[in-house]
Amino acid sequence: MTVRVRFAPSPTGYLHIGSARTALFNYLYARHVGGKFLLRIEDTDIARSSEESTRSILDGLAWLELDHDEDIVFQSDNAEKHRVTAKKLLAEGKAYRDFTPRVAPSDANVKDAIKERARATQGEKNMRDNPYRELSSEESDARAAAGDPFAIRLKVAETGKTSFEDAVYGLQERRLAETEDLVLLRSDGHPLYNLAVVCDDIEMAITHVIRGQDHLTNTHKQVLIYEALGVTPPTFAHLPLIMAPNKGKLSKRKHGEVVSMTTYRDAGFLAAAFRNFLALLGWSAGEEREIYSLEELIEKFSLEGIHRSNAVFNFTENDPCRWTDDKAQWMNAEYIRMMPVAELLPFVKTELKATKLWREEYEPEGRALTETISSTADAGADERSAGVAIDTPEHGSYDWFVQTINLIRQRFFTLRDFSSHGRAYFSEDYDFDPAAIEKNLSKFPDLKMWLPELADRFDAEFAEESVSSLHVIKGFLPFTEENIETVIKSFAEEKGTKLGVIMNGARTLLTGVAVGPSMLAVFETLGKERSVLRLRSQIAWNS
RNA sequence: GACCGGUUCGUCUAGGGGUUAGGACACCGCCCUUUCACGGCGGCAACACGGGUUCAAAUCCCGUACCGGUUACCA
């Protein structure tokens, strides 16, 4: 029998981190065993469900690239089947009509109210004391025929227990005395969650139910429904929960954006990195290793590797550097600097397009960004060698673009950094970090004279960019790291200043920020003309 | 309250009778260096507590504490 799992979110908001991980684990399990990963939208709570939420959830799954098999099932479409099932159980005497008038749930803190009520009964409540439980079928039929509204409840045996072997938590048992006669069908004919889930899981031929452990008690109820229906229950695997930093519940309402998948997509996270992070929250392959490609996760995933204890998703509210989990941020940075640059390029393109920094020359006709490129742009190329070794490509060209991305990605954390911190590489219109100006320019007033002077020196020493290194006019050096270094060193010597003063001043003026790759590489990457132009610029001094 | 589950560095975790209790993130220090958020090296830091079982317990058993989940005519 082929394995069939499902991810079954209720569309009451965006896809949050916990659901995303549930979806991921279902996906990984299905792919690992060569089964099917199905999607079911549990929209039976009409009041709280929305199409917008459904769309948002689908967006989140699409971003994470968790493709589902077969058509999406909308639970509300199956309501009639659920009703038929409830009535069948009623007819078989496995369920009964409850004519108790419905009490409207208090609107505000439903959870608290329920907890309060449960506490009040001190656990001494007899779950079998419903006055309609033993009503004769004649009387029940008569009242129903007379139009009395009723809910349909499952008739749970007085003694015995439910049990199932959980793939994560092991044998689970619960005395029937702890389980109420659960409602299957509301008095308005609306099927309830546990019935709907069981019916749909049967109909979809689900073999493994992988979901959060907050469903552990529901599972006992569902097992009862399976038994009443005479169907063997699927295998259950309950997942530990993801908690807030205070080990409390991680909620959309309380924690907001930080738990939403779209936040990470919009913040410039790579889906591959976030998936990797998510996979390691509550699961491990038992190795001393952190980075796994999707293929590797699929290959290594197993239900045995799932933990039993909850995991904290760490972040600090009001701290821009710690707005989300440190490890998630690290992992994203790791992916950005280590993944094959050809795979990164399309994401950078999207980012630059969104910020109007993209130029078509970066991707000329007939040349896809994902094409394998020159030797310097291998995966994880060290910045110390990234900018050297080959001829400087023409500024603005495809090769230049690839080389530049490879150079600057070493210190970036998100895709957004390419358009913010890396803006000076793609535009003449970039901002200057006040702290950088303070540290590298203001402290050395001489630089206001020296840097334009250095520009003159560049003009005198270096060939125009259009002149390739093969056709260097005698006396004009190509604008390469090696040559630039020689010129700047002697320049600094002449001025009797430390090399660093010149370098850092130039860095600030040329890139607007105090951090970045080797300054020699920056010069070369920017090219002689831009370097000269920017060295002469006084904008930074005035801003 | 009752039922169920959990507890290894701050966080994610490895380890399931004998380990100097390992790794990652974060933090700190040193090195590299023109800067740095890259890189290299190093450091700080944990078996919740109490009883058993055993020659030996982080590991097995019991209890306690704490944390979490559930307790709806919500999903």
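Not measured: the values here are computed from a predicted model. Letters go in sequence order (proteins before strands), and every chain restarts at 1.
- Residue A/M243 is in sugar-phosphate contact alone, with no base atom involved, counting any heavy-atom pair closer than 4.0 Å across all strands shown.
- No engagement by A/H220 is indicated, since no non-hydrogen atom pair under 4.0 Å with the nucleic acid exists.
- One interatomic measurement links the two molecules: NE2 of A/H238 to C1' of B/G68, which rounds to 15 Å at whole-angstrom precision.
- Atom CG in A/D417 sits roughly 14 Å away from atom C1' in B/C38 (whole-Å rounding).
- For a distance-only test at 3.5 Å, the side chain of A/K247 fails to qualify as a donor-acceptor partner of the base of B/C67.
- For the residue pair A/T85 / A/H82, no side-chain donor-acceptor distance below 3.5 Å is found, with atom types taken as modelled.
- Between the side chain of A/N218 and the base of B/A75, at least one donor-acceptor pair of N or O atoms lies under 3.5 Å.
- OP1 or OP2 of B/C74 has at least one side-chain nitrogen or oxygen of A/R102 nearer than 4.0 Å.
- Across all strands, A/P101 comes closer than 4.0 Å to base atoms (heavy-atom distances).
- Taking only side-chain nitrogens and oxygens, A/R337 comes nearer than 4.0 Å to OP1 or OP2 of B/G39.
- A straight line from CH2 of A/W330 to P of B/C12 spans 16 Å, rounded to a whole angstrom.
- Rounded to the nearest 0.5 Å, atoms CG (A/L216) and CZ (A/R211) are 9.0 Å apart.
- For the P atoms, the distance from B/U59 to B/C47 is 12 Å, rounded to whole Å.
- Residue A/F313 is out of contact with every strand shown, counting any heavy-atom pair closer than 4.0 Å.
- For B/U71, the paired base is B/G1 (Watson-Crick or G-U wobble, both distances below 3.5 Å).
- Cation-pi check for A/R143 over A/F99 is met; the charged atom lies under 6.0 angstrom from the ring centroid and within 45 degrees of its normal.
- At the phosphate of B/U13, OP1 or OP2 sits under 4.0 Å from a side-chain N or O atom of A/H307.
- Across the interface with RNA chain B, nearest-nucleotide mapping of A/H190 and A/H421 shows A/H421 to be the residue nearer the 5′ end.
- For the contact set between residues 153-172 of chain A and RNA chain B, defined by any heavy atom under 4.0 Å, the members are A/R153, A/Y169, A/Q172.
- With hydrogens and angles left out, the side-chain atoms of A/D200 and A/N78 include a donor and acceptor closer than 3.5 Å.
- Put simply, A/S284 has no side-chain N or O that comes within less than 4.0 Å of OP1 or OP2 on B/U13.
- Judged by distance alone, with hydrogens and angles left aside, A/S518 brings no side-chain donor or acceptor close enough to the base of B/U35 to form a pair under 3.5 Å.
- Shown here, B/G50 forms a base pair with B/C62; the pair counts as Watson-Crick or G-U wobble because both key distances fall under 3.5 Å.
- Contact between the side-chain N/O atoms of A/K111 and the OP1/OP2 oxygens of B/U70 is found at a separation under 4.0 Å.
- For the contact set between residues 496-509 of chain A and RNA chain B, defined by any heavy atom under 4.0 Å, the members are A/G500, A/M503, A/N504, A/R507.
- The side chain of A/R186 places an N or O atom within less than 4.0 Å of a non-bridging phosphate oxygen (OP1 or OP2) of B/C74.
- Aromatic ring centres of A/F413 and A/H421: separated by at least 6.0 Å.
- Pairing for B/G16 is absent, with no Watson-Crick or G-U wobble pair whose two atom distances lie under 3.5 Å.
- Across every strand in view, B/G29 sits in a pair with B/C41 that passes the Watson-Crick or G-U test at under 3.5 angstrom.
- No donor-acceptor contact under 3.5 Å links the side chain of A/T217 to the base of B/C4.
- As judged by a 4.0 angstrom heavy-atom cut-off over every strand, A/G212 is placed among residues making no nucleic acid contact.
- Contacts of A/L281 with the nucleic acid, taken as non-hydrogen atoms under 4.0 Å apart, involve only primed sugar atoms and P, OP1 or OP2.
- Between the C1' atom of B/U19 and the CD atom of A/E288 lies a distance of 13 Å, rounded to the nearest Å.
- In the model, A/N276 has a side-chain atom that pairs as donor or acceptor with a side-chain atom of A/Y335 under 3.5 Å.
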